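Data first, discussion second: the structure below is written as structure tokens.
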Amino acid sequence: MGVCNVTPDSFSDGGRYLGADAARARVDELLAEGADYVDVGGESTRPGAVPVPPREQLGRVLEVVRYAAEKGACVSVDTTSPEVAAACLDAGACAVNDVSCLRDVELAKVVAANGAALILMHSRGTQEEMRGFSEYPDDAYGDVVADVKREWLEAAKRAMAAGLPEKALLMDPGLGFAKNARHSLELLQRLGDLCELKAPVVVGASRKSFLTRVVDPEASPDQRLGASVAAVFHAMFLGADIVRVHDVRMTAQALDFMALLARGP
């Protein structure tokens, strides 16, 4: 899953694809590099980000979603707004990527009404309430894997009660969202426990701050490629179904070569 942030302030590439022409070129780039899905978002989810009104989100993403869908891409729209989701699904998106853990159950109703999929990501609170990258009380979780699984299942039950079929739900553990670096690392290390859920698992580790456990803490997000690719290998080895990445070409190349090696001489 390739990332197309149509925002001025995303943590990794804020502003690069804010213009319509740049966003369409980004979609073309992701597809040419081997993305199976294109995830389009018009609202930053970095810590401290302020909510973007639905009308403004739609002004950023709607034509990009339509363009990507017309190119034949499977498009997910990264939003917590039922209004934005409805318009984008109507424009050709096939999924909604919800980073709020279903704070608004109306979102699930919109997804169900459109016969689409919902990527339900674990989180706690809003982006405005997040204090910083990989900053969260260490004792906020008893067992982070068990707690994330339980809280995600509670959100999944709310979604299904709103009419969404179980088969339409995907699970994202939310690395970096209401989690410090240790929490995110442990979730990734023990991802197999989460893959025991019935839902397909989506992992988004790309360029995130917890990767600086092995990278210079001052390294910019785009200097975390090695750790990002290693996280992808680990996630897929443990059973992840989809990996959400910024660097599609390098990730796909590495995965393709690993598959070639696995086939043997």
Side-chain angles (χ1 to χ4, degrees), residues 1-4 30-31 33-41 45 68-69 72-78 89 93-102 108 111-112 115-123 144-146 148-153 155-157 159-160 164-177 179 184-208 210-211 227-260 262-263:
M1 177 180 283
V3 179
C4 181
L30 292 172
L31 294 176
E33 291 183 349
D36 299 298
Y37 309 88
V38 174
D39 188 48
V40 181
T45 56
C74 182
V75 184
S76 62
V77 57
D78 189 339
L89 291 170
C94 60
V96 174
N97 188 2
D98 172 28
V99 302
S100 76
C101 209
L102 202 61
V111 175
L118 179 64
I119 302 171
L120 190 58
M121 194 196 78
H122 177 271
S123 187
V144 66
V145 174
V148 164
K149 184 185 292 188
R150 184 186 68 256
E151 292 169 20
W152 184 86
L153 284 169
K157 288 178 182 177
M160 289 187 284
L164 195 70
E166 185 177 22
K167 66 181 181 181
L169 281 167
L170 292 85
M171 191 276 179
D172 185 333
L175 304 179
F177 284 75
K179 299 166 187 75
S184 295
L185 186 63
E186 185 170 351
L187 281 165
L188 191 56
Q189 289 171 325
R190 297 172 56 194
L191 192 70
D193 292 345
L194 297 175
C195 291
E196 293 174 356
L197 294 167
K198 292 182 180 179
V201 173
V202 181
V203 174
S206 179
R207 300 187 179 185
K208 289 187 175 178
F210 80 96
L211 299 173
S228 295
V229 173
V232 164
F233 281 147
H234 182 79
M236 297 196 75
F237 179 76
L238 291 183
D241 297 275
I242 299 174
V243 287
R244 183 179 184 274
V245 303
H246 299 83
D247 305 285
V248 171
R249 185 187 302 280
M250 293 297 100
T251 305
Q253 184 182 100
L255 289 171
D256 287 346
F257 194 72
M258 286 296 292
L260 177 64
R263 289 199 292 268

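All values derive from a computational prediction rather than experimental measurement. Computed over heavy atoms, backbone and side chain alike; hydrogens, waters and symmetry mates excluded.
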Any side-chain to backbone donor/acceptor pair from K157 onto A155? Under 3.5 Å, distance only. no
side-chain contact (heavy atoms from CB on, under 4.5 Å) between V243 and M236, worked out: CA-CA 8 Å; V243 287; M236 297 196 75; 3.9 Å; yes
A159 and A108: which non-hydrogen atoms are nearest, and at how many Å? CA-CB, 3.9 Å
Test your reading of the model: is there a side-chain donor-acceptor pair from H234 to the backbone of L188, 3.5 Å cut-off? yes
Between D193 and K149, is there a salt bridge with N-O shorter than 4.0 Å? no
Is a donor on one side and an acceptor on the other found under 3.5 Å between the side chain of S184 and the backbone of F210? no
Are V111 and D98 side-chain neighbours, meaning at least one heavy-atom pair lies under 4.5 Å? no
Between R244 and D172, is there a salt bridge with N-O shorter than 4.0 Å? no
Test N97 against S76 for side chain to side chain donor-acceptor pair (under 3.5 Å), laying out the working first. CA-CA 6 Å; N97 188 2; S76 62; 5.0 Å; no
For the pair W152 (side chain) and L120 (backbone), establish whether a donor and an acceptor sit closer than 3.5 Å, ignoring hydrogens and angles. yes
Check the pair V203, L175 against side-chain contact (heavy atoms from CB on, under 4.5 Å), reporting the backbone distance first and the verdict last. CA-CA 8 Å; V203 174; L175 304 179; 3.9 Å; yes
Is a donor on one side and an acceptor on the other found under 3.5 Å between the side chain of D241 and the backbone of V201? yes
Rounded to the nearest 0.5 Å, what separates atom CZ in F177 from atom CE in M121? 4.0 Å
Between K179 and P173 (side chain of the first, backbone of the second, donor and acceptor by atom type, cut-off under 3.5 Å), is there such a pair? yes
Can you confirm whether L30 sits close enough to Y37 that some side-chain heavy atom of one is under 4.5 Å from a side-chain heavy atom of the other? no
